[in-house]
Amino acid sequence: QVQLVESGGDSVQAGGSLKLSCVVSGDSGGNYCMGWFRQASGTAREGIAVIYTGTRKASYNAALVRRFTISLDTAKFTTYLQIDSLKPEDTAMYYCAAQPASYGGDCHTGGYFGTWGQGTQVTVSS
């Protein structure tokens with residue numbers, strides 16, 4: 001069974017950057033849709049970006065300003081989320097998620113993800 005462990009969350013000043021990591025273990029092979037999501041206190045979970053491991057094609061939530069970059073390091077079984085120009089409204093718990101996918105077209109932030117990490121907290125102060 002696939003397990004995900006996020007890290008890299010921190011308390012930072014506005015304007016800074018963070019790179020979150022999501023390490024995958026228990027991979028049984030095949031391709032996955034890997035995604036990053038966030039949930040601020042009292043709000044619904046929000047999809048940020050996804051990436052399909054088969055092609056490394058990334059897709060982003062069009063509603064978000066493009067300060068996020070998702071990437072893969074398959075040798076390290078790790079997915080990353082780079083966040084630049086951090087703002088106080090980026091304060092949230094950030095989650096990594098995974099779902100087996102045989103087709104990249106199935107990989108989008110609105111899709112179903114069956115495996116989730118425990119989250120890593122990002123706090124941005126002004």
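These values consider heavy atoms only, across backbone and side chains, with no hydrogens, waters or symmetry-generated copies.
With sequence neighbours excluded, the residues that form a ring-ring contact (aromatic ring centres under 6.0 Å, His included) with Phe37 are Phe113, Trp116.
Of the possible polar contacts, one joining the Thr78 side chain to the Lys76 backbone as a donor-acceptor pair under 3.5 Å is found. Arg56 places no side-chain N or O within 3.5 Å of a backbone atom of Ile51 that could act as its donor or acceptor partner. Proximity of a side-chain donor or acceptor of Asn61 to a complementary backbone N or O of Ala63 within less than 3.5 Å is detected. Between the side chain of Tyr32 and the backbone N or O of Ser102, no donor-acceptor pair lies under 3.5 Å. No donor-acceptor distance shorter than 3.5 angstrom exists from the side chain of Arg67 to the backbone of Ile83, with no hydrogens or angles considered.
Side-chain atoms of Glu6 and Trp36, non-hydrogen and from C-beta on, do get closer than 4.5 Å to each other. For the pair Leu86 and Leu18, the minimum side-chain heavy-atom distance is below 4.5 Å. By the 4.5 Å heavy-atom criterion applied to side chains, Arg38 and Phe68 are counted as neighbours.
Across all non-hydrogen atoms, the minimal contact from Thr91 to Val124 is OG1-N, 2.9 Å. Closest approach of Ser17 to Gln82, counting heavy atoms only: CB-NE2, 3.7 Å. Contact between Leu4 and Met34 at its shortest, heavy atoms only, is CD2-CE, 4.1 Å. Minimum interatomic distance between Val2 and Thr115 (heavy atoms only, all atoms of both residues): O-CG2, 3.4 Å.
Rounded to the nearest 0.5 Å, atoms CG (Asn31) and SG (Cys107) are 10.0 Å apart. Here the CD atom belonging to Gln121 is positioned 7.5 Å from the OG atom belonging to Ser11, to the nearest 0.5 angstrom.
Clustering of Ile, Leu, Val, Met, Phe, Trp and Tyr side chains at separations under 4.5 Å leaves Tyr80 isolated, with no partner residue.
The local environment of CD in Gln1 is sparse, with at most 12 non-hydrogen atoms from other residues, nucleotides or ligands closer than 6.0 Å. Heavy atoms from other residues, nucleotides or ligands lying under 6.0 Å from CD of Gln118 number more than 12.
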